[in-house]
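Sequence lines set the chain letters: A, B, ... in the order given, protein chains first and strands last, and positions in each chain run from 1.
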Amino acid sequence: MTNKSVQALGLTAMLFAGVALSIEPAHAASATGDATVKILRAITVTKSSDLDFGKIVPSAAAATVAIAEDNSRVCGSGLSCFGTTTAGAFAVVGTANETVTVAIDNPSITLTDGGSNSMAVALATTTSAMTLSGTGDGSFKVAGTLNVGANQAAGTYSGQYAVSVSYQ
Amino acid sequence: MRDGSIISYPLMRVTLFAGAMACSSLAMGHTANAASGGAAVTILRSLSATQEESLDFGRILPAAQDGIVTVRPDGGTECSGAMLCLGERQPALFRLTGADVPLAVSIDPVVAMTGPDAARLMVTLLPSGPVAMASPTGSPYAVGGQMIVTAGTPPGSYAGQYNISFEYQ
């Protein structure tokens with residue numbers, strides 16, 4: 001074999017080696033799989049303020065008193081309303097940036113004076129859902145409309161209602 | 001490798017042919033009994049595996065008692081006890097591209113997902129089966145998982161990785 005032919009073989013071998021390096025057929029393949037989950041923080045709901053209709057002097061005719069979520073009051077015809085009024089307010093703590101739903105479990109309740117006298121209240125909130133803040137905080141308010149009867153008996157009336165906040 | 005088959009590549013075949021030529025030239029001048037032999041080869045397409053979907057357990061609200069959440073390879077899910085499972089849950093999905101022959105599957109049996117303050121959740125992986133199939137256009141292979149969520153699991157996002165490999169049989 002001449003030197004030239006030896007060189008040619010060497011070149012051929014190098015070419016084969018180059019091809020072998022550039023082609024990487026695989027009879028096996030590996031992959032990395034990812035697994036994820038998000039564990040949520042239990043939601044806590046705390047009452048910030050009671051729904052307070054203030055003080056009312058009834059009249060000979062039935063009427064209503066409405067408290068809006070901004071604490072404002074609309075006093076029905078014939079009634080005299082005074083004193084401080086507040087909407088119901090609740091603070092929510094949960095998982096940051098999660099969306100939650102809000103519901104009033106019993107939107108119709110009855111206030112009683114501890115005796116036989118009572119008044120009906122219709123509750124409502126404009127917050128049906130909300131996204132908690134980056135720290136997991138949120139809040140919502142509850143408005144109410146009180147049905148004051150004709151010559152409603154004097155006294156302090158009270159009642160309770162429940163709200164629910166859930167992750168979507 | 002299947003019974004009776006030899007996996008080879010074009011490059012390897014050329015090299016063997018050259019070797020045969022050299023042996024033939026060396027044998028010239030000698031007398032020998034003639035014989036013929038058979039040869040066969042199966043050329044297989046190169047194999048690749050790509051994850052298209054992650055194994056996702058969604059969002060979980062732990063309960064007072066421990067609960068088990070399961071995501072099956074077929075996409076079915078279970079959430080035991082009073083634990084609340086929310087959001088979309090899905091198995092991992094791998095796309096296998098190669099020859100249309102069976103593949104042996106090996107996978108980590110368990111993957112640890114790490115969350116806030118190095119909290120860990122251990123997931124038992126549920127592969128579709130010990131054998132997978134590839135295809136030239138890509139075939140799916142799913143991996144589910146199951147894990148226990150205790151009442152005291154710290155809230156937060158958890159993530160982990162595992163290894164899976166496929167090999168021509």
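- If you measure heavy-atom distances from B/Val143 to chain A, you find no contacts under 4.5 Å at all.
- Between A/Gly33 and B/Gln51 the shortest heavy-atom distance is CA-OE1, 3.2 Å.
- Per-residue counts of heavy-atom pairs under 4.5 Å with chain B were compared for A/Leu40, A/Thr32, A/Asp34, A/Thr95; the largest is that of A/Asp34.
- Looking at A/Ser30 and B/Ile164, their side chains never come closer than 4.5 Å, going by heavy atoms from C-beta outward.
- In this structure, chain A has no heavy atom under 4.5 Å from any part of B/Leu103.
- Of the inter-residue distances, the one linking A/Lys38 atom NZ with B/Leu61 atom CG reads 12.0 Å to the nearest 0.5 angstrom.
- Residues B/Met133 and B/Tyr168 do not share a hydrophobic cluster, clusters being chains of Ile/Leu/Val/Met/Phe/Trp/Tyr side chains in contact below 4.5 Å.
- Atom CG of B/Asp117 is surrounded by 12 or fewer heavy atoms from other residues, nucleotides or ligands within 6.0 Å.
- Summarising the local packing, CG of B/Leu84 is surrounded by more than 12 heavy atoms from other residues, nucleotides or ligands at distances under 6.0 Å.
- Heavy-atom proximity under 4.5 angstrom to chain B picks out nothing from residues 123-154 of chain A.
- Counting heavy-atom pairs under 4.5 Å between each of B/Gly156, B/Ser157, B/Ala159, B/Ser54 and chain A puts B/Gly156 at the top.
- With a 4.5 Å cut-off on non-hydrogen atoms, B/Phe166 touches chain A through its backbone and its side chain both.
- The only option from B/Arg89, B/Arg59, B/Met113 that meets the side chain to side chain contact (heavy atoms under 4.5 Å, CB included) definition with A/Val37 turns out to be B/Met113.
- No chain of hydrophobic side-chain contacts below 4.5 Å, direct or via other Ile, Leu, Val, Met, Phe, Trp or Tyr residues, connects B/Met83 to A/Tyr167.
- Atom CD of B/Glu52 sits in a crowded spot, with more than 12 heavy atoms from other residues, nucleotides or ligands closer than 6.0 Å.
- The minimum heavy-atom distance between B/Ala49 and A/Ala29, with the atom names listed, is N-CB, 3.6 Å.
- Residues A/Ala31 and B/Phe94 come closest through the heavy atom pair CB-CE2, 3.8 Å.
- Placement of B/Ile107 and B/Leu55 within a single hydrophobic cluster is found when ILVMFWY residues are connected by side-chain heavy-atom separations under 4.5 Å, directly or transitively.
- Taking the side chain as every heavy atom from C-beta outward, A/Gln168 and B/Leu86 never approach each other to under 4.5 Å.
- Interface residues of residues 76-90 of chain A toward chain B, defined by a heavy-atom distance below 4.5 Å: none.
- B/Pro154 touches chain A through its backbone: at least one of N, CA, C or O sits under 4.5 Å from a heavy atom, while the side chain does not.
- By the rule that hydrophobic residues join a cluster once side-chain heavy atoms approach within less than 4.5 Å of another member, B/Leu125 and B/Ile148 end up as members of separate clusters.
- Heavy atoms from other residues, nucleotides or ligands lying under 6.0 Å from CZ of B/Arg95 number more than 12.
- Rounded to the nearest 0.5 angstrom, A/Ile39 CD1 and B/Thr153 OG1 are separated by 5.5 Å.
- In the hydrophobic clustering of this structure, A/Tyr161 groups with A/Val65; members are Ile, Leu, Val, Met, Phe, Trp, Tyr whose side-chain heavy atoms approach within less than 4.5 Å, directly or through other members.
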